[in-house]
Amino acid sequence: MIIRRFSNFGARNFAKVVPKNLKGKSKSSQEWLTRQLRDPYVERAKMMNYRCRSAFKLLEIDEKYCLIKPGHTVIDCGAAPGSWTQIAVKQSNADGASVGKPKGMVIGVDLLQIYPIEHAVVFGNSDFLRQETQDKLRATLGDRRLDCVLSDMAPNATGIRALDQENITTLCYSVLRFALLMSSPKASLLMKIWDNGDVPKLEKSINEYYDSVKRVKPRASRNDSSENFILARGFRGIER
């Protein structure tokens, strides 16, 4: 059973934490360590056995919009280290924990290594953009169609803003194409995007196939982050 609480629990305790052993580390590394230690979501993720703090982003969005239900087939693109896949397993009942409810299926895929996640099928060291990876995903799905497509994928930052924005938009279009080909009617799509001028065009493209499209930013997203999530619901299908 997942406990969903999104209060500021623990914020006071972590606000004054100062990391040790910073000598010799770059300024960016020092800032990252300080931010991690002061972040209440990091500690809560450890307490609840989630692999990283991003679990709370999906939990908050799912609580509000009910994306994943028992029996759903879900794919998590950019899954490593696996926190979203962990949430999807519970919410879809892929673990069979909710007796009497249908069991779902969860697949996680990432360019990085993914350590095994119980009751999920994971493909680590697999580039989602490659046709062979997508063929492998289709073969795993078999006759199933996706009820929810998740993507927390992001490219490695180059430091060149325009290039980084172009790269993440390319990832989003790749996820959208796969979702259009493999989703069941009324399916949902949730994917990360960084704010840029191409987002309205992407949203317009998505809106052609889904009943509703909106941008959401969960509280677990850091305030200084440009990330948002595009949420599309009510897949209308395409002519095959």
Electrostatic pair [X]:[Y] at N-O distance under 4.0 angstrom:
X: Glu227; Y: Lys57; result: yes
X: Arg138; Y: Asp135; result: yes
X: Glu203; Y: Arg215; result: yes
X: Asp211; Y: Arg233; result: no

- Task: Taking atom types as modelled, find out whether Thr133 and Asp127 have a side-chain donor-acceptor pair closer than 3.5 angstrom.
- Result: no
Below 4.5 Å, heavy atoms only, C-beta onward: do [X] and [Y] meet side chain to side chain?
X: Phe235; Y: Leu189; value: no
X: Val199; Y: Asn196; value: yes
X: Leu181; Y: Ile238; value: yes
X: Asn228; Y: Trp194; value: no
X: Ile206; Y: Ile230; value: yes
X: Val213; Y: Leu231; value: no
X: Glu60; Y: Arg219; value: yes
X: Val109; Y: Val122; value: no

So which atom in [X] and which in [Y] form the shortest heavy-atom distance, rounded to 0.1 Å?
X: Asn167; Y: Pro155; answer: CB-CG, 3.7 Å
X: Ala80; Y: Gln113; answer: CB-O, 3.8 Å
X: Asp195; Y: Arg161; answer: O-NH2, 3.9 Å
X: Ile114; Y: Ala79; answer: CD1-CB, 3.9 Å
X: Pro102; Y: Asn93; answer: O-ND2, 3.2 Å
X: Ala179; Y: Tyr210; answer: CB-OH, 3.8 Å

- Item | Chi angles and distances behind the side chain to side chain contact (heavy atoms under 4.5 Å, CB included) call for Ser126, Lys136 | CA-CA 10 Å; Ser126 299; Lys136 186 165 53 177; 3.4 Å; yes
Under 3.5 Å, which donor-acceptor pairs do the side chains of residues 66-75 form with other protein atoms, sequence neighbours left out?
{"unit_1": "His72", "atom_1": "ND1", "unit_2": "Leu67", "atom_2": "O", "d": "3.4"}
{"unit_1": "His72", "atom_1": "ND1", "unit_2": "Lys69", "atom_2": "N", "d": "3.1"}
{"unit_1": "Thr73", "atom_1": "OG1", "unit_2": "Arg144", "atom_2": "NH1", "d": "2.8"}

- Please round to the nearest 0.5 Å and tell me the distance separating atom CG of Asp62 and atom NZ of Lys64. 13.0 Å
- Query: So how far is it from Leu111 CG to Leu129 CG, rounded to the nearest 0.5 Å?
  - Reply: 8.5 Å
Keeping the roles fixed (side chain from [X], backbone from [Y]), state whether a donor-acceptor pair exists under 3.5 Å.
X: Arg53; Y: Lys46; result: no
X: Ser174; Y: Thr170; result: no
X: Asp95; Y: His119; result: no
X: Asp198; Y: Thr169; result: no

- Task: With ring pair (Phe, Tyr, Trp, His ring centres under 6.0 Å) as the test, would you mind laying out the steps for Phe128 and Phe178 before giving the verdict?
- Result: CA-CA 10 Å; Phe128 181 79; Phe178 189 81; 5.5 Å; yes
- Message: For Ala94, give me all partners under side-chain contact (heavy atoms from CB on, under 4.5 Å), at least two apart in sequence or on another chain.
- Response: Val89, Ser92, Val106
Going hydrophobic residue to hydrophobic residue with side-chain gaps under 4.5 angstrom, can you get from [X] over to [Y]?
X: Met105; Y: Leu137; answer: yes
X: Met153; Y: Ile168; answer: yes
X: Met191; Y: Tyr209; answer: yes
X: Tyr173; Y: Val175; answer: yes
X: Leu163; Y: Leu171; answer: no

- Does CD in Gln131 sit with more than 12 non-hydrogen atoms of other residues, nucleotides or ligands closer than 6.0 Å? yes
- Task: Inspect the surroundings of CZ in Arg236 and state if more than 12 heavy atoms from other residues, nucleotides or ligands are less than 6.0 Å away.
- Result: yes
- Could you walk me through whether Leu59 and Tyr50 pass the side chain to side chain contact (heavy atoms under 4.5 Å, CB included) check? CA-CA 11 Å; Leu59 276 172; Tyr50 296 139; 3.9 Å; yes
- In sequence, state the C-alpha distance, the side-chain angles, and the governing distance for Gln134 and Met182, and then conclude on side chain to side chain contact (heavy atoms under 4.5 Å, CB included). CA-CA 11 Å; Gln134 297 194 14; Met182 300 302 297; over 6 Å; no
- Message: Taking the six-membered ring for Trp, are Phe229 and Trp84 closer than 6.0 Å centroid to centroid?
- Response: yes
- Query: Between Ser83 and Ser54, is a side-chain hydrogen bond (donor to acceptor under 3.5 Å, both in side chains) present by the stated rule, with each step listed?
  - Reply: CA-CA 7 Å; Ser83 61; Ser54 64; 2.8 Å; yes
- Could you please spell out the steps behind the side chain to side chain contact (heavy atoms under 4.5 Å, CB included) verdict for Ile107 and Thr140? CA-CA 9 Å; Ile107 302 174; Thr140 303; 3.8 Å; yes
